[in-house]
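Below is one structure, written out as structure tokens, with a few remarks after it.
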Amino acid sequence: MQVYEEIKREDDDHRYDDLKMEEKKIKNDHVVVLLWKKWIKTNCLALTINMLTTGIILTVIYFIVIAPLRQKLADIDMRLTAIEKQNGTKLRESENGESTNLDTHTTCYNGGISKKTNNECICVCTKGFLGKQCEYSGGKDTSFMVIFQEGISCFPTTPKILVASENTTRLSIRYFNENKIHTITMDKSNTEYNLSKSVLPSDGIHVAGVELHSDKGINVYGFSFGTEVSEGYSSMPTRFASTKYIIPTLPAFYIYKNMIALTPCYQNTVVSINLKLKSGSVTYDNKQYSNNDTIRIMVNKYDTFQLSTTSDLSGTMVTSSKPVIVVSGNQCNFAVPDNIRLVVVIHL
């Protein structure tokens, strides 16, 4: 009986141990399940947040970038369709799918319009332009800034403007150093107008020149007339002013100088002049500049800057932050045989 009880007790102990082990295993499995549940919940939340963030970003990009671009493309398509309808032309697809060429269409520049006439397209140019593709300017316009160079002090000259127009023109003249507007009428019998000598600058920055506005397209020539010497050039319309020029000059005669003069079309214009000198130097603001040196200045509208030197200035580069009008030339030089002295101004 005692042996039986001992055996039973051992069986109970073993069963108890098995139950405890099973309990421990179940608890461990429960902990693992909880950890997996927490990990899945955390990652699902992060994934949901990322998806929502991505969706918001894509929506913002669409409305800020893509939608306006699509609208612009639609507007361009409408304009192209209107142009094709007006000109009787149609865009031809290139091999890569881009519409870059026009069937029976001529490219017209400077606002020219292509018209189809007798199975041929021609350019109808806007006023002031000419050429097969309206690529050339006839020099006619309604706004000019005319500047001069110092000239030769021993040969007094009278600065003037010459106006070429087929029609009677009403011209407004504003001296750079005045706020007053002078109004004159020019026609075929009255093509010249004498200016004040205040338009003649010297080296450095001065307020010297005139601004012209006309009610019709005209050609304007700046001219300094004297009994011994005269100089002149065809003035560039203001809208053709550039930010980059290369200076040409002819060899100066005797001790006379080569010169560059410029005036900006806008306020706060930064100008850089990279000098190309055959010899000698240029002095500005009490400082000497040699070949390949660069002069940098700040000029405002109605300022005129001039520099001069006995050296050839050909190849000198003028660059600016905003459009400027540039005139280059000589006080006096040999431009033709037989030692004929000429004063030449080249307007770039």
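Residue numbers run from 1 in the order of the sequence given. Since the structure is predicted, the reported quantities are computational estimates derived from the model, not experimental observations.
- Looking only at distances, a side-chain donor or acceptor of N190 sits under 3.5 Å from a matching main-chain atom of T185.
- In this view, N179 and R174 satisfy the side chain to side chain donor-acceptor pair (under 3.5 Å) rule, not counting sequence neighbours.
- With sequence neighbours left out, S165 forms a side-chain contact (heavy atoms from CB on, under 4.5 Å) with N167, T169, I218.
- The closest side-chain heavy-atom distance from V271 to T319 is not below 4.5 Å.
- Take F305 and apply the ring pair (Phe, Tyr, Trp, His ring centres under 6.0 Å) test, not counting sequence neighbours, and it matches Y284.
- Applying the 4.5 Å side-chain rule to ILVMFWY residues, one finds L162, F223, F225 in the same cluster as Y221.
- Residues L275 and V282 are in side-chain contact: their nearest non-hydrogen atoms beyond the backbone lie under 4.5 Å apart.
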Begin from the C-alpha positions of V163 and L171 and carry the test side-chain contact (heavy atoms from CB on, under 4.5 Å) through to its verdict. CA-CA 10 Å; V163 175; L171 193 64; 4.1 Å; yes
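- For the pair S320 (side chain) and V270 (backbone), a donor-acceptor distance under 3.5 Å is absent.
- For NZ of K132, the number of neighbouring non-hydrogen atoms (other residues, nucleotides, ligands) closer than 6.0 Å is 12 at most.
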Run the numbers on L212 and T238 for side-chain contact (heavy atoms from CB on, under 4.5 Å), then give the verdict. CA-CA 10 Å; L212 308 179; T238 305; over 6 Å; no
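- The disulfide bond (SG atoms under 2.5 Å apart) check on C134 picks up C125, with sequence neighbours excluded.
- Between atom CD of residue Q149 and atom OG1 of residue T157 there is a gap of 11.5 Å, rounded to the nearest 0.5 Å.
- Remark: L47 engages M51 in a side-chain contact (heavy atoms from CB on, under 4.5 Å) (not counting sequence neighbours).
- When all heavy atoms of S281 and S290 are compared, the closest pair comes out as CB-OG, 4.3 Å.
- Across every non-hydrogen atom of L277 and G280, the tightest pair is CD1-O, 3.8 Å.
- Residue Y266 places its OH atom among 12 or fewer non-hydrogen atoms of other residues, nucleotides or ligands, all under 6.0 Å distant.
- Atom CD1 of I122 sits about 9.0 Å away from atom SG of C108, to the nearest 0.5 Å.
- Not counting sequence neighbours, the partners of K276 by the side-chain contact (heavy atoms from CB on, under 4.5 Å) test are N274, N291, N292, T316.
- Considering only residues two or more places apart in sequence or on other chains, Q288 meets the side chain to side chain donor-acceptor pair (under 3.5 Å) condition with none of them.
- Side-chain contact between N330 and Y256: absent, with no pair of heavy atoms (C-beta onward) separated by less than 4.5 Å.
- Closest approach of T294 and Y289 over heavy atoms only: O-CE2, 3.8 Å.
- Residues passing the side-chain contact (heavy atoms from CB on, under 4.5 Å) test with K301, sequence neighbours excluded: M145, E211, Q267.
- The structure places NZ of K216 at 11.5 Å from OG1 of T142, a figure rounded to the nearest 0.5 Å.
- Residues I297 and M259 do not share a hydrophobic cluster, clusters being chains of Ile/Leu/Val/Met/Phe/Trp/Tyr side chains in contact below 4.5 Å.
- F144 contributes atom CZ, which lies 12.5 Å from atom CD1 of I173 (distance to the nearest 0.5 angstrom).
- Rounded to the nearest 0.5 Å, atoms CG (N177) and OG (S196) are 6.5 Å apart.
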Evaluate the criterion side-chain contact (heavy atoms from CB on, under 4.5 Å) for residue pair E192 and I161; output intermediate values, then yes/no. CA-CA 6 Å; E192 301 180 13; I161 55 171; over 6 Å; no
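- When hydrophobic clusters are built by joining Ile, Leu, Val, Met, Phe, Trp and Tyr residues whose side-chain heavy atoms come closer than 4.5 Å, directly or via intermediates, I260 is not grouped with M298.
- In the hydrophobic cluster analysis, where Ile, Leu, Val, Met, Phe, Trp and Tyr join through side-chain heavy atoms closer than 4.5 angstrom, I184 is grouped together with Y175.
- Within the 4.5 Å cutoff, the side chain of V220 has heavy atoms near those of the V146 side chain.
- The ring pair (Phe, Tyr, Trp, His ring centres under 6.0 Å) check on H213 picks up nothing, with sequence neighbours excluded.
- Of all the heavy atoms in S114 and C121, the pair that sits closest is OG-CB, 3.7 Å.
- For the residue pair D203/S308, the side-chain donor-acceptor check at 3.5 Å is satisfied.
- Within the 4.5 Å cutoff, the side chain of M317 has no heavy atoms near those of the I247 side chain.
- The minimum heavy-atom distance linking F148 with S224 is given by the pair CD2-OG, 3.6 Å.
- Atom CD1 of I49 and atom OG1 of T54 lie 11.5 Å apart (nearest 0.5 Å).
- Scanning for salt bridge (charged side-chain N to carboxylate O under 4.0 Å, His left out) contacts around E178 gives an empty result, with sequence neighbours left out.
- If you check the side chains of E150 and Q306, you find a donor sitting under 3.5 Å from an acceptor.
- Counting only heavy atoms from C-beta outward, the side chains of K244 and V318 never approach each other to under 4.5 Å.
- Taking 4.0 Å as the cut-off between side-chain N and carboxylate O, E166 and K140 count as a salt-bridged pair.
- Put simply, Y109 and L130 are part of two different groups of oily side chains (I, L, V, M, F, W, Y) that touch within less than 4.5 Å, one to the next.
- Screening I205, V207, T269, N268 for a side chain to side chain contact (heavy atoms under 4.5 Å, CB included) involving N300 leaves a single residue, N268.
- In this structure, D285 contributes its side chain and K287 its backbone to no donor-acceptor pair below 3.5 Å.
- Every residue meeting the salt bridge (charged side-chain N to carboxylate O under 4.0 Å, His left out) condition with R239, not counting sequence neighbours, appears here in chain and number order: D141.
- Between Y302 and F176, the ring planes lie tilted relative to each other; the angle falls in the 30° to 60° range.
- The hydrophobic cluster containing I64 also contains L69, counting ILVMFWY residues as joined when their side-chain heavy atoms lie under 4.5 angstrom apart, directly or transitively.
- The environment of NZ in K188 is sparse: at most 12 heavy-atom neighbours from other residues, nucleotides or ligands sit within 6.0 Å.
- Minimum heavy-atom separation, A208 to I147: O-CG2, 4.0 Å.
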